[in-house]
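Reminder, nothing fancy here: chain letters follow the sequence lines and each chain counts from 1. We use all heavy atoms of the structure for the numbers below, so side chains are in, but hydrogens, waters and symmetry mates are not.
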Amino acid sequence: MSRERYSPSEIEPRWQAFWERDQTFRTDEDPAKDKAYILDMFPYPSGAGLHVGHPEGYTATDIVARHLRSKGVAVLHPMGWDAFGLPAEQHALQTGTHPADTTQKNIATFRRQLKSLGFSYDWSREVDTTDPAYVKWTQWIFLELFERGLAYQDEIPVNWCPALGTVLANEEVKDGRSERGGHPVFRVPLRQWMLRITAYADRLLEDLSKVSWPEGTRVMQVEWIGRSEGAEIAFEVEGHPGTRIEVFTTRPDTLFGATFVVLAPEHPVVERITTPARRAEVLAYAARTRGRSERERRESKDKTGEPTGAFAVHPLTGKLIPIWIADYVLWGYGTGAVMAVPGHDGRDFEFAGKFGLPIERVVRSAEVEASAALEAAFESDGIACHSGPYDGLTTAACKAAITAELERSARGRKRVEYKLRDWIFSRQRYWGEPFPIYFPVRCEGDPRTLPESAVSIDFSSPRAVDRSELPLRLPDLEDFKPGEDPAGPLARAKDWRFFQKDGQWFARETNTMPQWAGSCWYYLRFIDPKNEQALVDPAKAKAWLPVDLYVGGAEHAVLHLLYARFWHKVLYDAGIVPTEEPFGKLVHQGMILGEIEYTAYVAEDGTRVSRRDVQEESTPDGRPEFREITTGRTVVPTRVEEAQVTKVGTDFVLAAEPTVAVDARAHKMSKSRGNVINPDSVVQQYGADSLRLYEMFMGPLEATKPWSTASIAGVRRFLDRTWAVCTRTLSPEAPPDGLERLLHRTIKKVGDDLEGLRFNTAISALMQLTNELFGLEAPPRRACETLVLLLHPMAPHIAEELWERMGHPPSIQRVPWPAFDAAMLTDDEVEVPVQVNGKVRGRVKVPTAASEDTVIAAARADENVARHLDGKQLVKVQYVPGRIVTIVVK
RNA sequence: GGCCGAGUGGCGAAAUGGCAGACGCGGCGGAUUCAAAAUCCGCUUUCCAAAAGAAGUGUCGGUUCGAGUCCGACCUCGGCUACCA
């Protein structure tokens, strides 16, 4: 047997080529086998190439896929590209390269990088969301939504971002700025395509109980949907017969405590009811609110508002209460109007306090008098008081009683509200799927040559492109710039936009779909990627759905995962997919941070300031700034080397200046910080198997973990040792008993750990086995073979190579997973610790099957144990078989 | 402010309520070497010169023969979210 060194750069490309030639990972569609659909969230192929975060989740699923295949399961494990999106288009703007070219180039890089890591994808099923053959079906699903009344147009205030030249969805806006790029965002009204996701709100909520997802993710979706039950109550406006203000409340039981009404400044009734004396101030306030960005509205938490001068009639008492406008009432939620109950709502309490409005208690707790003053809003449930006939009712009973009374007198009714809004589905961009929709045009002559003003498009009569004409392709453009008119760049492609049919001119929709569209259903296309007749063959969908394991980042906890569930349910209703939910088990891999960095704070004169004396502030433009608390002077964070710091207590301090504590933290990898690790260079230096193994060995899959280049050398050393052991002259003898038992234990542990996605402990078990074999001059062949079989899912290249060198034909993927014998999991003898009053005072070696009496006798005979028992009174003696002897004395 | 998660050696971490720190990194010592790198062997939670021993899983309290693990209160860090009536 050869004794050359382990050389990943030589063996890895060879096995990758073998797998490709051999079609080793072609999906097994044998209906007699159990199936497993193992899916990664497909990446956006950015120009930066693969990030070390990608291979984390991808390695995890790859291990599961390889493990299951070796256990005889038919596995579907595909990969593809979420390739529409802004960066390719922005790159096009800067360089003049067509986004399709940039995208294909980036995909090629990603594909090469993923292949270099040895992932066992069935590459024959690769999908690309920008491929017209894929776009066809994305558009087909849109038509399905359109025909079901789930896609509609609306003129609504949207998040217009001039810098990006596009409208953003609420979830793409963070703190009043675009999530990508941080540009300011303004609210302007614009015609948009909307998807009626709210029609599915209840099902999206209820069916969360059917999936096996992380609890935190489920909670986030529940809160995002934000279902609340309450009542809609009508308030008449005094002096305006027929004008009613509807409010939504979850606390109809507090109706008697409503001392004023507040409208959102955008509320249309404001115009009508404001008294002449208040008009100027009210309109000015409303205009100011409209001009303020979301960010500004949020930054000043201080309550502001203006009285309209009008009064509402309390529906139960008939009392007149003032009507105000204030921006803490949101036009987008409920009815855009609230009955303010300052006694029992913190926001109303604050507002009433600021403007001197009356605060009344209408709920009390059991221990409190109805007359007790309110120091703050009492928001808990309790017992009604100062509520006329409802006094004494519990909150729940009072809600029901008051709602019933309002319904009886037609002044209110039960109502369910959701935080979830309909989904703004259009973007004013080039690089996305065109909508398969067109509109009739009124004009004299050819609209392609006429000025805009001479062409009138009837947006109120959208028509669907015939399904036989799909895909509707994007026109080739020279100029992708969005222009300051939010109509989008497609509006300039007049030859594409306008066309004639039956002698009549029509205009195509010039909006495009958001990036989410393609990623909403890609997991379906993987099942049947080449089908030209249907988006997926129903029999195949039935065979593979739902996805059994879905691994991806927690940043998609609401958006992608909610949108995909929504589309899936629509397709379920259409009879296209056989399950109500797309994804069974979901796991989020944790973030990989950069290497730990030590930061000292240095003042201008060079003195170092302890981090305990430093306070972080932010400058007006949002950048962080640091000040010494005592003097107020600014200090600059400065990187220091690990060798210069030492730990004192819980603090890291400068070794040379131990009073100065420094920050020790790992940060997110980012270009600007310069701590990005490139997977290519890790593969080059250590090999793909080492990278895979290291990422799995770092810690639990779901944990956030800092990168450590030094630690990769450790797993590489493990592979070197494994190589060395398995290329020794192997003994044909059966392993000795102790080793045999270790083998069985390791088989069980690795199998269990892989099933539980505990890759770090599986690897440590393999390290222990290798260490054990490393001490043997001629390790037993069967032991080495077992080691390699167990290692294969995690480090496939070295496993294939060693397996072949041991004289077996490839591929190791086709060799069944080793079995263990339960009788071999324990040794004949165990060492049992002996505790006296909770402290270990000795250990005894006893036969595993020994009786309690035997073990206790042996324990008491131990010299050191006996010393601690001497002269004491025995209270209790207990033997937990195989684990521990406990003795309690007095 | 709300929700979720996490606090264990110098570092990443491990531990069905039963020997805290497996495995790995780093460090120290030794072997090999002209020397170094690489490799191999040993040690490595803290206190004590060492043995015996004691302390020790963010803090305080509780349940238990026994708590890193279960319960209650709190502190710190990270992520998400943010006036949703």
Side-chain angles (χ1 to χ4, degrees), chain A residues 5 174-175 214-220 222-224 226 228 230 247-251 254 262 297-298 301 303 326-330 332-341 344-348 350-351 417-421 554-555 557-558 590-591 593 595-596 642 645-647 650 652 664-666 693-694 697-700 702-715 717-718 720-721 724 758 760-768 770-771 774-775 831-843 864 867 875-880 882-889:
Chain A
R5 286 179 49 103
K174 252 191 111 168
D175 294 335
E215 193 48 35
T217 304
R218 263 204 301 239
V219 168
M220 278 169 80
V222 167
E223 285 176 358
W224 191 264
S228 48
V247 304
F248 173 70
T249 179
T250 54
R251 291 293 301 272
T254 62
V262 188
R297 259 171 102 151
R298 193 163 311 139
K301 280 261 175 176
K303 295 278 183 291
D327 66 3
Y328 82 91
V329 175
L330 307 176
Y333 182 77
T335 59
V338 303
M339 62 175 207
V341 184
H344 305 283
D345 180 284
R347 297 153 301 187
D348 298 341
E350 198 189 320
F351 192 80
E417 231 355 273
Y418 301 89
K419 274 200 242 178
L420 184 69
R421 304 266 68 101
E555 66 273 23
V558 275
M591 209 191 327
L593 305 174
E595 298 240 9
I596 289 181
E642 190 180 354
V645 301
T646 178
K647 198 169 189 180
T650 56
F652 280 92
R665 259 181 51 193
L693 219 44
Y694 171 62
F697 187 61
M698 289 171 91
E702 281 142 293
T704 303
K705 322 164 256 273
W707 184 264
S708 158
T709 298
S711 296
I712 306 173
V715 294
R717 241 184 319 261
F718 159 63
D720 282 330
R721 287 158 69 88
R758 295 180 299 268
N760 52 335
T761 49
I763 292 166
S764 93
L766 292 175
M767 287 173 166
Q768 285 170 68
T770 292
N771 288 346
F774 197 77
E831 197 184 60
V832 177
V834 183
Q835 279 187 357
V836 180
N837 286 354
K839 292 199 193 302
V840 178
R841 299 299 182 182
R843 290 160 219 288
N864 200 40
R867 203 157 60 77
V875 176
K876 187 172 178 176
V877 185
Q878 190 183 3
Y879 173 50
V880 182
R883 303 234 60 130
I884 201 163
V885 176
T886 50
I887 302 174
V888 183
V889 293

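- The aromatic rings of A:W707 and A:Y694 stand perpendicular to each other, their planes meeting at an angle above 60°, with 30° marking the opposite boundary.
- The phosphate of B:A55 has OP1 or OP2 within less than 4.0 Å of a side-chain N or O from A:K839.
- Not one side-chain nitrogen or oxygen of A:R883 sits closer than 4.0 Å to the OP1 or OP2 atom of B:A15.
- For the OP1/OP2 pair of B:A54 and a distance below 4.0 Å, the side-chain nitrogens and oxygens of A:R841 include at least one atom meeting the criterion.
- Atoms CG (A:N771) and C1' (B:C23) sit 9 Å apart, rounded to a whole Å.
- Comparing the P positions of B:C77 and B:C40 gives a spacing of 43 Å, expressed to the nearest Å.
- Rounded to an integer number of Å, the gap from A:I596 CD1 to B:G78 P is 14 Å.
- Rounded to an integer number of Å, the gap from CZ of A:F697 to P of B:C11 is 17 Å.
- The residue A:T646 sits apart from the nucleic acid: no heavy atom pair falls under 4.0 Å.
- Following rounding to the nearest Å, A:E417 (CD) and B:A85 (C1') show an atom-to-atom distance of 10 Å.
- In this structure, A:K303 is positioned above the aromatic face of A:Y328, its NZ or CZ under 6.0 Å from the six-membered ring centre and within 45° of the axis.
- Under the salt bridge (Lys or Arg N to Asp or Glu O under 4.0 Å) criterion, A:R758 pairs with A:D753, sequence neighbours left out.
- Residue A:V832 is the one, among A:S711 and A:V832, whose nearest nucleotide of RNA chain B lies closer to the 5' end (criterion: closest heavy atom).
- Atom CG of A:D345 and atom P of B:A85 are 9 Å apart (whole Å).
- In this structure, A:R717 places its CZ atom 5 Å from P of B:G26, rounding to the nearest Å.
- Out of B:C65, B:A20, B:C11, the shortest distance to the side chain of A:Q878 is found at B:C65.
- Phosphate contact (OP1/OP2 of B:U39, side-chain N/O of A:R721, threshold under 4.0 Å): absent.
- Between the CG atom of A:N760 and the P atom of B:G24 there is a distance of 14 Å, given to the nearest Å.
- Residues A:K647 and A:S764 each lie close to RNA chain B; by heavy-atom proximity, the contact nearer the 5' end of the strand is made by A:K647.
- Look at B:G9: its glycosidic torsion is within 90° of 0, and that puts it in the syn range.
- Between B:A85, B:C65, B:C11, one nucleotide has an atom nearer to the side chain of A:F652 than all others, and that is B:C11.
- Nucleotide B:C11 forms a pair with B:G24, judged by Watson-Crick or G-U wobble geometry with both contacts under 3.5 Å.
- Considering only side-chain atoms of A:T886, the nucleotide from B:G18, B:G53, B:A85 that sits closest is B:G18.
- Applying the salt bridge (Lys or Arg N to Asp or Glu O under 4.0 Å) test to A:R218 and every residue at least two apart in sequence or in another chain returns A:E215.
- Contact annotation: A:N864 reaches the phosphate of B:G53 (side-chain N/O to OP1 or OP2, under 4.0 Å).
- Between A:N837 atom CG and B:G66 atom P the separation is 9 Å, expressed in whole Å.
- Spacing of C1' atoms, B:G21 relative to B:G56, comes out at 11 Å, to the nearest Å.
- Between the side chain of A:R421 and the main chain of A:G332, a donor-acceptor pair closer than 3.5 Å is present.
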